[in-house]
Protein chains: 2
Amino acid sequence: MLSQKTRYSIRALQHLADHVGTGPVPLGEIAEKQRIPKKFLTVLLSEMGRSGLVSAQRGRDGGYWLAKDPTEISYGDIVRLTRGSLALVPCASRWAYESCTSCVDEEGCRLRMVMLTVRDATADILDGLTLADDFKAFAADKRIPALSVGNNVTAEQH
Amino acid sequence: MLSQKTRYSIRALQHLADHVGTGPVPLGEIAEKQRIPKKFLTVLLSEMGRSGLVSAQRGRDGGYWLAKDPTEISYGDIVRLTRGSLALVPCASRWAYESCTSCVDEEGCRLRMVMLTVRDATADILDGLTLADDFKAFAADKRIPALSVGNNVTAEQH
DNA sequence: CATGAATCTATTTATTCAATAGATAATGGC
DNA sequence: GCCATTATCTATTGAATAAATAGATTCATG
C-alpha cells in the first residue's frame, strides 16, 4: 500500500500541475483544496523541495510551484522519491535494492522472480504517465470500469 | 510492500507445493527449511487453513498439505488472502474496495485511475502464476536480468 | 520593521506488524 | 488408558513505522 505521505504528495503535485503559470501557490490553498493537514503538508513539501520536485518562494505572495515541466514528472518518480521503491519486496527493487533478511536462496527465490516481474510492469505504467497527462483520455483508453462498491465479491471476480 | 506475513505464507506454500504426495509435512520442518519463526508460522498456517489453502492433520505423523492442487493456487489468491488486496491504494482494489478517507473527488481521482491500472496489470501477472509453475522457464522467458546490488543508481536507471 | 509566507528539527501520538505465550484439542502408538 | 506428538486458538507483548503536531527560525516584500 502507498502511505498517506505518498498519496498526499501526489495530490499536492497534481494541484501544482493544474496551476502551472499562475505564480506561486501558497501551502494553505493546497491544503484546503486537497484536504491535507496543513502542518503535515509543510513537511511533505519541504521534502519534495529537497528532492527537486518543487520550488518555493517565501514571504508575501510566496508559495510553491513545480520545479520541472509537468511532462517531466512521472508517477514513477514521485513514488520512488516518497516511498523509496516501486517494488513489493525490497529484494525486487531496482532503485532501492535490499537483500531480504531470512531469505534462504535469493538467486533461486521464486517469490523474488514473480515480484521482479510485477515491479517491471508497474514501472512501465508509472514511468509512462506524467503529471501532464490527460486522465479523461487515459481512462477512456484503458476502459476503466466502474467499481462495485462494497465487498460483495463472487468467486469469479478474483 | 508485502508484509512478512505474506512472504512467509508464500514460502510455506511453496514448500508444501514441493512436497505434494509425500504425506503431511510437519510445521517444524517448514519452519526450519524456510527459516520462519516456528510460533509465528503456527499462526500463519492456521489462518491459511481457515481460508482453505491448506489442510492439516494433528497427532503423530501429522502436518500440513495443500488443500488444492498446486495448479489451482495462484500468487494472486495468496496475496489477496493474506494481505487483503492486490492494489496499492484501498480505493483501487476490486476485491477489498474501501473508499479513501480525505478523498476530494473519487470519481475523477487521477491517482485512483493510475492505481487501478497498476492493480490490473499486477493481477494479470499474479493470477497467471500458480504454485505449480516452473520458475526457471519463467525467468528465462521474462529474461529477468541480474540485479545490481547496492544503491549505486545513475540518473538513467529510473 | 512588520507581515506573510516557507523551513527545519524534534516530539508526540496512533497504528500496524512481528513475534511470543499459554492453554487446548486431536491423533496414534504402546 | 496414557503418553508423546502435533495442530489450534485467543490473547498479549514488544518493536517499528507512520501520521500528525509543535515551536522556533529564516527569508522576501511592501
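Chain A is the first sequence line, chain B the second, and so forth, proteins listed ahead of strands; every chain is numbered from 1.
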Q) CD of A/E98: more than 12 outside heavy atoms within 6.0 angstrom? A) no
Donor-acceptor under 3.5 Å ([X] side chain, [Y] main chain):
{"X": "B/T117", "Y": "B/M113", "result": "yes"}
{"X": "A/S93", "Y": "A/P90", "result": "no"}
{"X": "A/R119", "Y": "A/L86", "result": "no"}

- Query: Should A/Y8 be listed as having a side-chain N or O under 4.0 Å from OP1 or OP2 of D/dA19?
  - Reply: no
Interatomic distance where [atom1] belongs to [X] and [atom2] belongs to [N] [whole Å]:
{"X": "A/R7", "N": "D/dA18", "atom1": "CZ", "atom2": "C1'", "result": "12 Å"}
{"X": "A/E29", "N": "C/dA6", "atom1": "CD", "atom2": "P", "result": "11 Å"}
{"X": "B/L41", "N": "C/dA18", "atom1": "CG", "atom2": "P", "result": "14 Å"}
{"X": "A/L44", "N": "D/dA18", "atom1": "CG", "atom2": "P", "result": "13 Å"}
{"X": "B/M48", "N": "D/dA7", "atom1": "CE", "atom2": "C1'", "result": "13 Å"}
{"X": "B/K5", "N": "C/dT20", "atom1": "NZ", "atom2": "P", "result": "17 Å"}
{"X": "B/E47", "N": "C/dA18", "atom1": "CD", "atom2": "P", "result": "12 Å"}
{"X": "B/F40", "N": "D/dT8", "atom1": "CZ", "atom2": "P", "result": "16 Å"}

Just checking [X]: base, sugar-phosphate only, or nothing, at a heavy-atom cut-off of under 4.0 Å?
{"X": "A/G63", "result": "sugar-phosphate"}
{"X": "A/R50", "result": "sugar-phosphate"}
{"X": "A/G49", "result": "nothing"}
{"X": "B/L45", "result": "nothing"}

Kindly point out which of [options] is positioned nearest to the side chain of [X]?
{"X": "A/K39", "options": "D/dA22, C/dT20, D/dT8", "value": "D/dA22"}
{"X": "A/S46", "options": "D/dA7, C/dT7, C/dA19", "value": "C/dT7"}
{"X": "B/Q4", "options": "C/dT20, C/dA18, D/dA19", "value": "C/dA18"}
{"X": "B/Y64", "options": "D/dA19, C/dT7, D/dA7", "value": "D/dA7"}
{"X": "A/L27", "options": "D/dT21, D/dA19, C/dA6", "value": "C/dA6"}
{"X": "B/P26", "options": "D/dA7, D/dA20, C/dG22", "value": "D/dA7"}

Walking DNA chain D from its 5' end, the first of A/T42 and A/T6 to be reached, judged by nearest nucleotide, is A/T6
| said: I'd like to know if A/D77 pairs up with A/K68 as an ion pair, taking the criterion as any Lys NZ or Arg NE/NH1/NH2 lying under 4.0 Å from an Asp or Glu carboxylate oxygen. | reply: no
Under 4.0 Å between a side-chain nitrogen and a carboxylate oxygen: does that hold for B/D120 and B/R94? yes
Polar atom pairs between nucleotides 28-30 of chain C and protein, under 3.5 Å, N or O only, would you list them?
residue: C/dG28; atom: OP1; partner: B/Q57; partner atom: NE2; Å: 3.2

Pairing donors with acceptors under 3.5 angstrom, does anything connect the side chains of A/T6 and A/S3? yes
Donor-acceptor side-chain pairing of B/Q14 and B/Y75 below 3.5 angstrom = yes
